[in-house]
Amino acid sequence: MRSLCLAIVLSVSALVALPTLADHHGSHHTHGPNGGVVKALGASGYSVELSVASGTTVTARVLDKDMKPVAIDAAKLILTFTEPDGEKEDYEIGRADSGEAGVFEKKSGHVVNHITRDKIAIKLNVGGGVQESETFAYPHGPNGGDLIALGKSKFQAELIVDGDVVRVHLLNKRKRPVAVDAKEITFTFTEPDGELEDYTIPAAESSSKGSVFERNDDHVVMHVKRDKISIKLANGEKTLSSKTFKYSEK
């Protein structure tokens, strides 16, 4: 009888632990202090935080185990991309012009396209030898924002909060900018009491590539950070809607 009770307790404990284990292993990416993706460099104790911005700038910061910046002597960092056909291609990222210790930066829309499309491995000479990260997929858009599918269409929205500004870039499935004839995009927020509230985000006047929607409004930013959201875009005769989601503030 005692053995049976012990078996039942162990079974229940295992079932309770499963969601926690699943959550842990399902979380493949750690956000760094600058909102980028953090990847460990082998067993060196160092990590690299990789981020992109404005569709053109790649920044990599070396961090220690406490997510603090590390000063290193390396003149460059290597990103190895595995392209769709399986071919591997290396790109060098040199030291940032700012001279900030342990920061590497490159302005290149071509490299950003690789980052948002291909599998990546990071290599850096640190800790007495060349250290390499695991191969991973960058989970954000070319501007560093969250990606939200718009129904079953070929479009997705890249959501960014920058201070008091909410910005949405319209992208295709390959994370490339696309343009549509729409004057606004609609956010529907589900407030804590269950009430729904709509806010429109107008098309930006100056967007050189693809459709961008932007609104400077701290009240809307508060909703984005607090409430569940769904996005709706009227594209011609079709209305494209996202599933309800939570913005993952970094």
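When a residue number appears, it is its place in the shown sequence, counting from 1.
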Through direct or indirect side-chain contacts below 4.5 angstrom among Ile, Leu, Val, Met, Phe, Trp and Tyr, which residues connect to Leu147?
Leu171
Minimal heavy-atom distance between Gly35 and Glu49, with the atoms involved, is N-OE2, 3.2 Å
Minimum heavy-atom separation for Ile185 to Val168, with atom names?
CD1-CG1, 4.1 Å
Under 3.5 Å, side chain of Thr135 to main-chain N/O of Lys119, donor-acceptor pair present?
no
Side-chain donor-acceptor pair under 3.5 Å between Ser44 and Gln131, yes or no?
no
Quick one: does any side-chain atom of Asp146 pair with a main-chain N or O of Glu158 as donor and acceptor, under 3.5 Å?
no
Has Arg95 got a side-chain atom pairing as donor or acceptor with Asp73's backbone, closer than 3.5 angstrom?
yes
Listed by chain and number, what are the ring-ring contact (aromatic ring centres under 6.0 Å, His included) partners of Phe155, not counting sequence neighbours?
none
Distance in Å, Arg167 CZ paired with Asn216 CG, rounded so as to fall on 0.5 Å steps:
9.5 Å
Verify, without hydrogens or angle tests, whether Ser211 (side chain) and Val180 (backbone) share a donor-acceptor contact under 3.5 angstrom.
yes
Should we say atom NZ of Lys76 is surrounded by more than 12 heavy atoms from elsewhere, each under 6.0 Å from it?
no
Atom NZ of residue position Lys246 - does it have more than 12 heavy atoms of other residues, nucleotides or ligands inside 6.0 Å?
yes
Please confirm whether the backbone N or O of Ser51 pairs with a side-chain atom of Thr59, one donor and one acceptor, at under 3.5 Å?
no
Do any N or O atoms from the side chain of Asp64 and from the backbone of Met67 form a donor-acceptor pair under 3.5 angstrom?
yes
Looking at Glu83 and Lys88, is any side-chain nitrogen of the basic one under 4.0 Å from a carboxylate oxygen of the acidic one?
no
Parallel, tilted or perpendicular, as decided by the 30° and 60° cut-offs, for the rings of Tyr199 and His223
tilted
Give a yes or no answer on whether the side chain of Asp85 reaches the backbone of Glu87 with a donor-acceptor pair at less than 3.5 Å.
yes
Verify, without hydrogens or angle tests, whether Asn172 (side chain) and Lys175 (backbone) share a donor-acceptor contact under 3.5 angstrom.
yes
Determine whether the side chains of Asp90 and Thr80 contain a donor N or O and an acceptor N or O closer than 3.5 Å.
yes
How many angstroms lie between CG in Leu50 and CG in Leu79, if you round to the nearest 0.5 Å?
6.0 Å
Are a donor atom and an acceptor atom from the side chains of Thr82 and Asp118 found within less than 3.5 Å of each other?
no
Restricting to non-hydrogen atoms, name the atom on Ala40 and the atom on Ser47 that form the minimum distance, rounded to 0.1 Å.
CA-OG, 3.6 Å
Looking at every non-hydrogen atom in both residues, tell me the closest pair between Phe245 and Leu159 and how far apart they are.
CE1-CD2, 4.0 Å
Charged N-O contact under 4.0 Å between Asp66 and Lys68
no
Side-chain donor or acceptor of Thr200 paired with backbone N/O of Pro202 under 3.5 Å:
no
Distance flag, aromatic centroids of Phe213 and His169, threshold under 6.0 Å
no
Between Thr188 and Asp198, do the side chains contain an N or O donor and an N or O acceptor separated by less than 3.5 Å?
yes
Within 45° cone and under 6.0 Å: Lys228 NZ/CZ vs Phe189 ring
no
Name the orientation class of the two ring planes belonging to Phe81 and His114 (parallel below 30°, tilted from 30 to 60°, perpendicular beyond 60°).
parallel
Got a sec: does the CZ of Arg174 have more than 12 other heavy atoms crowding it under 6.0 Å?
no
Output all residues satisfying ring-ring contact (aromatic ring centres under 6.0 Å, His included) with Tyr46, sequence neighbours left out; order by chain, then residue number.
none
